Amino acid sequence: MRSDLNAMLAPDSSSAQFIYIQMMQIGDYRLYSLDVEDFALDGGAMFGVVPKVMWEKFAPADHLNRITLKARVLLISGKGRHILVDTGMGTAWPDKLRSIYALSDCRLQAELKAVGLEIASITDVIYTHLHFDHVGGAFRQGADKLEPLFPDARHYVQRENYLSALKPNPKERVSYSSAFIEAFGRLSRLELVDGPRELFSGIELFSSNGHTKGQQLVRVRGAEGSLVHTADLIPSSAHLPSSWVMGYDIEPLTVIEEKTALLHQLVEERAMLFFGHDPSHQAATLRRDDKGVVVVDKFIDL
C-alpha cells in the first residue's frame, strides 16, 4: 500500500491519529517497515530511573518484569539497491537465551518475500550499532561457526562502534555478543565509516554517542520530506520524553541532549521518526505544544 507522505506529514488534529502504512516513497526510494521478530527485555533496564508506575502504562510487564519489543528493520529500496537498516536478533541463539529473551521465530525471509525480495536481493546492510539485537540477524549457525546471511552485501558500521564492540566496557559487555562480533569481523565486504556521511544520494548517516559510542542514525531525504531511523536513541514511542532514557545507555545526560536536539530538528523539518523497537508503532510525526514535543500521527503495522 503506497501512502502520500505530504498528507501524512500534515498535522490536522490535536490528538494522535493512527494511520496504517506498509510502504512509502521518499525521493528515489521505497521504504518498508519489516516486522522481523518479537523479543522481551527487562522493563527497568529499558526505562532506567523512570518509576515502573509510570512506564508500565505504556509498556506492560510480564511476571518476570519483561516488556515486549519488536526487532523492526527498515528496508530502503531504489536505484538498484536493497538496503537493510539493522537485522534484528536472528536465529543463532541457544534455547536458554531464546527463553530468557522470549525470542520469537525470525520472520525476515517472509517479510522480504511479501515485498517481492529474498535474502540474496539485499545489496547493503547499515548497522546503527552492534548490540546483539541489531547485528544478530546478519548471521546463521553453520556446522562449526556463524556464517553470514548476506555474504555478497556491503556492511556499514561506524569505526568507533566496531572498536567499542571489540573491547566493550563492563556496562556493555553483555550487549556486545563476542560470537557475533567475531563473525562480523570476518565479513568480506565490511566498511568502517568515520563520522557523518552521505552513504548514497538521499541517504545520510550521522552520529549519536549517548547510548553507545559510535551509534549511527539514518536519514532518508527527498522532495517529499524525510524519515529518520533513530535506533536506540529513541527506541520506541514511549521513549519520546527527553528524560526517559534507558538503563543500557552509557551516557544518560548525553542521550537527553541528543534526543532534545533531534526532536527539535524533526519538529522543525516536519520529518518522520522511525522506531526500531516499538511493539505497535512503526513511526510517528511530531509537533510542539506547551507540554513539549508530542505525537501528531502514529503509524501502525498492517
Side-chain angles (χ1 to χ4, degrees), residues 1-10 19-36 72-88 108-109 111-128 134 137-138 149-150 152-158 189-208 215-231 233-234 262 265-276 281-286 296-297 299 301-302:
M1 170 182 169
R2 179 168 177 168
S3 53
D4 183 336
L5 184 63
N6 285 321
M8 289 192 296
L9 290 179
I19 300 176
Y20 294 83
I21 61 172
Q22 185 177 36
M23 185 273 282
M24 68 180 66
Q25 185 88 22
I26 296 183
D28 296 317
Y29 302 100
R30 301 180 307 281
L31 275 60
Y32 301 87
S33 172
L34 306 185
D35 180 358
V36 170
R72 198 183 300 281
V73 171
L74 180 64
L75 169 65
I76 307 169
S77 293
K79 305 185 79 169
R81 313 198 80 88
H82 301 294
I83 307 162
L84 294 182
V85 181
D86 288 335
T87 63
L108 178 59
Q109 189 168 353
E111 288 283 281
L112 288 173
K113 184 178 180 180
V115 297
L117 300 177
E118 55 189 21
I119 296 295
S121 305
I122 300 304
T123 60
D124 306 87
V125 185
I126 300 170
Y127 301 87
T128 60
H134 297 258
L149 191 62
F150 314 102
D152 298 323
R154 290 189 177 275
H155 301 262
Y156 307 89
V157 72
Q158 288 288 321
R189 306 186 75 188
L190 173 59
E191 184 169 338
L192 301 180
V193 181
D194 293 302
R197 173 177 169 183
E198 184 175 54
L199 188 62
F200 304 108
S201 177
I203 302 177
E204 305 164 359
L205 309 176
F206 58 102
S207 299
S208 167
Q215 180 175 231
Q216 61 184 0
L217 311 186
V218 181
R219 182 192 302 273
V220 184
R221 189 190 298 274
E224 303 91 340
S226 63
L227 177 142
V228 177
H229 187 311
T230 56
L233 178 61
I234 310 176
L262 179 62
Q265 183 179 18
L266 292 173
V267 170
E268 292 299 309
E269 296 180 359
R270 299 175 68 191
M272 187 177 297
L273 162 63
F274 182 88
F275 300 117
H281 307 115
Q282 302 172 36
T285 56
L286 311 171
V296 178
D297 296 316
F299 305 97
D301 278 335
L302 290 173

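In this text, all values refer to a predicted model and were calculated from it rather than measured experimentally.
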Give the intermediate values and the outcome of side-chain contact (heavy atoms from CB on, under 4.5 Å) for residues Lys79 and Tyr29. CA-CA 7 Å; Lys79 305 185 79 169; Tyr29 302 100; 3.5 Å; yes
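- If you take CZ on Phe274 and CG on Leu74, they are separated by 5.0 Å, rounding to the nearest 0.5 Å.
- In this structure a side-chain-to-backbone donor-acceptor pair under 3.5 Å is missing from His155 to Tyr127.
- A donor-acceptor pair under 3.5 Å is absent between the side-chain atoms of Gln109 and the main chain of Lys113, judged by distance alone.
- Between Ile83 and Ile126, some side-chain heavy-atom pair lies under the 4.5 Å cut-off.
- The two residues Ser207 and Gly195 come nearest to each other via the heavy atoms OG-CA, 4.1 Å.
- A pairwise comparison of heavy atoms in Thr123 and Gly80 identifies CG2-O, 4.2 Å as the closest pair.
- Across all non-hydrogen atoms, the minimal contact from Leu217 to Ala231 is CD2-CB, 3.9 Å.
- Residues Tyr32 and Val73 are not in side-chain contact: their nearest non-hydrogen atoms beyond the backbone lie 4.5 Å or more apart.
- Side-chain N or O atoms of His281 include none that pairs as donor or acceptor with a backbone N or O of Ala283 at under 3.5 Å.
- Between atom CG of residue Leu266 and atom OG of residue Ser226 there is a gap of 7.5 Å, rounded to the nearest 0.5 Å.
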So Arg219 and Glu269, salt bridge (Lys or Arg N to Asp or Glu O under 4.0 Å) or not? Walk me through it. CA-CA 12 Å; Arg219 182 192 302 273; Glu269 296 180 359; 2.9 Å; yes
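- For the atom pair Ile76 CD1 and His229 NE2, the distance stands at 8.5 Å (nearest 0.5 Å).
- Residues passing the side chain to side chain contact (heavy atoms under 4.5 Å, CB included) test with Ser121, sequence neighbours excluded: His82, Leu117, Glu118.
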Walk me through it: do Leu199 and Tyr156 pass the test side-chain contact (heavy atoms from CB on, under 4.5 Å)? CA-CA 9 Å; Leu199 188 62; Tyr156 307 89; 3.6 Å; yes
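- Side-chain atoms of Gln282 and Arg72, non-hydrogen and from C-beta on, do get closer than 4.5 Å to each other.
- Under the 3.5 Å distance criterion, the side-chain polar atoms of Thr87 are matched with a main-chain donor or acceptor of Ala138.
- When atom types are taken as modelled, the side chain of Gln25 and the backbone of Gly27 share a donor-acceptor pair closer than 3.5 angstrom.
- Within the model, atoms CG of Leu205 and CG of Asp194 stand 11.5 Å from one another, a figure rounded to the nearest 0.5 Å.
- Listed for the Gln215 side chain is no donor-acceptor partner under 3.5 Å among the backbone atoms of Thr128.
- Counting heavy atoms from C-beta on, the side chains of Leu273 and Thr285 never come closer than 4.5 Å.
- With contacts defined as side-chain heavy-atom distances shorter than 4.5 Å, the pair Val228/Val218 does not qualify.
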Quick one, Leu112 with Leu75, criterion side-chain contact (heavy atoms from CB on, under 4.5 Å). Give me CA distance, side-chain angles, the key distance, then yes/no. CA-CA 9 Å; Leu112 288 173; Leu75 169 65; 4.2 Å; yes
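- Checked by atom type and distance alone, the side chain of Arg189 pairs as donor or acceptor with a backbone atom of Asp152 at under 3.5 Å.
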Could you go through Glu198 and Arg221, starting from their C-alpha distance and side-chain angles, then the distance that decides it, and tell me whether this counts as salt bridge (Lys or Arg N to Asp or Glu O under 4.0 Å)? CA-CA 11 Å; Glu198 184 175 54; Arg221 189 190 298 274; over 6 Å; no
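- Checked by atom type and distance alone, the side chain of Gln158 never pairs as donor or acceptor with a backbone atom of Leu192 at under 3.5 Å.
- Remark: Arg81 engages Asp124 in a salt bridge, criterion side-chain N to carboxylate O under 4.0 Å.
- You'll find the side chain of Met272 reaches within 4.5 Å of the side chain of Met24, heavy atoms only.
- At least one side-chain heavy atom of Ile234 sits less than 4.5 Å from a side-chain heavy atom of Phe275.
- Val220 places none of its side-chain heavy atoms less than 4.5 Å from the side chain of Phe200.
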Could you go through Leu108 and Ile119, starting from their C-alpha distance and side-chain angles, then the distance that decides it, and tell me whether this counts as side-chain contact (heavy atoms from CB on, under 4.5 Å)? CA-CA 8 Å; Leu108 178 59; Ile119 296 295; 4.1 Å; yes
